[in-house]
2 protein chains.
Amino acid sequence: MRLLLVEDDARIASDVAAVLTAAGYSVETASDGKEAWFLGDTEDYDLVILDLGLPGMDGMTVLKRWRANDRHMPVLVLTARGSWAERVEGIDAGADDYLPKPFQFEELLARVRALIRRSVGHGAATIAIGPVTIDTRAMRVSVNGVPQALTPLEYRLVSYLGHHRDRIVPPTELQEHLYGDDYSRDANALEALVARLRKKLGAFAIGTRRGFGYYMGEHAP
Amino acid sequence: MRLLLVEDDARIASDVAAVLTAAGYSVETASDGKEAWFLGDTEDYDLVILDLGLPGMDGMTVLKRWRANDRHMPVLVLTARGSWAERVEGIDAGADDYLPKPFQFEELLARVRALIRRSVGHGAATIAIGPVTIDTRAMRVSVNGVPQALTPLEYRLVSYLGHHRDRIVPPTELQEHLYGDDYSRDANALEALVARLRKKLGAFAIGTRRGFGYYMGEHAP
DNA sequence: CAGGGCCTGTCAGCGATTTGTCAGCCGCGA
DNA sequence: TCGCGGCTGACAAATCGCTGACAGGCCCTG
């Protein structure tokens with residue numbers, strides 16, 4: 001899962017980013033409004049965490065512009081405690097949830113999870129594909145009911161493929177979501193990752209369509 | 001996704017085309033205004049990248065003529081840095097976005113992605129020609145509803161012919177599209193490819209006009 | 001601070017699939 | 001019927017993806 005964190009206070013930003021990364025998300029950050037707008041408009045994020053007090057361009061304006069351009073990713077807005085005016089305006093602008101500052105990391109994580117789950121359309125917290133079960137809340141994957149010890153990167157890969165089940169995902173897309181903007185890696189890194197995953201989940205958990213990409217679930221040739 | 005790149009500097013054009021191709025787009029190029037106008041007026045592109053300084057016919061004029069003829073594909077205009085007059089004029093002429101030169105390839109790609117995403121929904125995702133259906137989004141081809149296992153090259157060929165349905169496409173054009181500017185291959189490679197494809201899609205899916213080229217769909221002899 | 005273990009990227013070799021090439025055949029159009 | 005362009009099946013080359021081994025980096029622990 002790929003997240004954009006928009007926060008101008010560098011210290012807060014790095015703390016929050018650390019927590020989110022530890023929770024298994026791929027986090028990119030923007031520190032001012034223009035950067036945030038550009039990234040949100042051009043990249044595909046699964047969720048945006050948006051602080052309203054920004055230099056350059058107001059957070060609310062950024063959000064409105066995204067929505068005007070049909071960018072519908074879920075947005076979690078960070079507001080000052082009790083500022084009802086902001087919340088009302090935010091609803092109109094298209095925010096999906098609010099978190100008053102200051103907040104507990106625990107609560108932030110819970111809301112992030114909830115928003116992502118909701119946006120995927122899977123109301124349930126688990127995804128089942130054949131013998132493989134992905135518990136998005138516990139970040140745990142089981143095969144035939146037996147929990148598997150996955151590394152963070154492995155988990156992100158199954159999770160992404162699981163959320164996009166029955167669809168062929170091109171390697172470029174996977175790299176973008178796993179590594180963010182960092183394209184330095186050898187293409188083989190992804191292949192090695194898939195191989196390790198198949199060893200844990202069973203060879204048939206993840207399919208390959210030569211020249212096109214990977215997939216989980218059903219898929220006609 | 002099919003792109004038209006209009007750029008008179010051959011070196012820049014080939015560099016940019018290479019980057020776009022690597023990003024998975026199907027790129028065609030025009031090097032002067034008249035050619036650009038003709039292609040944009042007669043072919044269906046998902047996006048046009050238009051340099052303004054062109055020999056033959058000014059880029060701005062080309063754009064205006066397209067719009068006057070109800071050609072509404074998104075157009076990304078390349079302007080000289082800071083030339084505000086051009087930008088204002090471009091807005092009136094119907095440009096969708098601007099990129100000041102010189103630019104980073106990264107930024108170009110980001111904007112191309114953004115424009116295409118924005119315009120999605122304006123065009124159908126599937127092309128149906130007789131019993132053959134091309135789902136351009138899933139990169140999947142079906143015959144009578146039965147999905148076929150196509151190789152990447154085979155897919156690119158049907159996809160191209162499908163986008164140019166009812167028109168006879170000369171072999172040279174196909175080779176250019178499939179192999180880029182690399183003409184090292186035997187002309188027979190294309191014939192072999194067509195043969196393999198006909199075996200999968202049915203002999204009548206692709207027609208031959210002796211001495212002219214291949215086509216899908218109806219064609220006026 | 002050193003040592004060890006885990007995670008992940010890189011490398012090299014292998015096997016399968018895809019694609020190009022060749023040679024001969026077919027059939028359209030004159 | 002003839003000749004040429006296009007077709008086809010077989011084979012060879014190139015490419016792609018997989019795998020096991022290895023190494024660097026990071027974190028934890030003593």
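Side-chain atoms are counted along with the backbone in the values below, which use heavy atoms only and exclude waters and symmetry mates. Lettering follows sequence order; numbering is per chain, from 1.
A salt bridge links A:Glu43 to B:Arg113: at least one charged side-chain nitrogen sits closer than 4.0 Å to a carboxylate oxygen. The pair B:Asp135-B:Arg140 does not count as a salt bridge, with every side-chain nitrogen at least 4.0 angstrom from each carboxylate oxygen.
C:dG24 atom P lies 17 Å from atom CD of B:Glu191, rounded to whole Å. Rounded to whole Å, atom C1' of C:dT18 lies 15 Å from atom CG of B:Leu157. Protein atom CZ of B:Phe204 is 13 Å distant from nucleotide atom P of D:dC7, rounded to whole Å. The separation between B:Arg156 atom CZ and D:dT15 atom C1' is 13 Å, rounded to whole Å. The interatomic distance linking B:Gln175 (CD) with C:dG20 (P) rounds to 10 Å, in whole Å. Distance B:Arg209 CZ to D:dC4 P: 21 Å, rounded to the nearest Å. Distance CG (A:Leu190) to C1' (D:dC16): 13 Å, rounded to an integer number of Å. Atom CZ in A:Arg196 sits about 10 Å away from atom C1' in C:dT10, given to the nearest Å.
Here CG of B:Leu197 is found 4.0 Å from CD1 of B:Ile206. Values are rounded to the nearest 0.5 Å.
In summary, the side chains of A:Thr208 and A:Arg198 do present a donor paired with an acceptor at a separation below 3.5 Å, with no hydrogens or angles considered.
Distances were taken from every side-chain heavy atom of A:Leu153 (C-beta onward) to each of C:dG9, D:dC18, C:dG20; the shortest belongs to C:dG9. The side chain of B:Arg198 lies closest to D:dC7, out of C:dC22, D:dC7, C:dG15.
For D:dG5, neither phosphate oxygen OP1 nor OP2 lies less than 4.0 angstrom from any side-chain nitrogen or oxygen of B:Tyr214. Contact annotation: B:Thr151 side-chain N/O to C:dT19 OP1/OP2 distance is under 4.0 Å. For the pair B:Tyr179 and C:dT19, the criterion of a side-chain N or O lying under 4.0 Å from OP1 or OP2 is not met.
Using modelled atom types, one side-chain atom of B:Asp46 and one backbone atom of B:Arg2 make a donor-acceptor pair closer than 3.5 Å.
Using bins of under 30°, 30° to 60° and over 60° for the plane-to-plane angle, the ring pair A:Phe212/B:Tyr155 lands in the perpendicular bin.
Between B:Pro152 and B:Arg210, the one whose closest nucleotide on DNA chain C sits nearer the 5' end is B:Pro152. When each of B:Lys199 and A:Phe212 is assigned the nucleotide of DNA chain D bearing its nearest heavy atom, the one mapping closer to the 5' terminus is B:Lys199.
With the end axes of the helix from C:dC1-D:dG30 to C:dA30-D:dT1 each set by five pairs, the angle from one to the other reads 30° at 10° resolution.
Applying the 3.5 Å distance criterion, the base of C:dC11 shares a donor-acceptor pair with the side chain of A:Asn188.
Just one residue in the list A:Val112, A:Leu76, A:Val48 forms a side chain to side chain contact (heavy atoms under 4.5 Å, CB included) with A:Leu3, and that residue is A:Val112.
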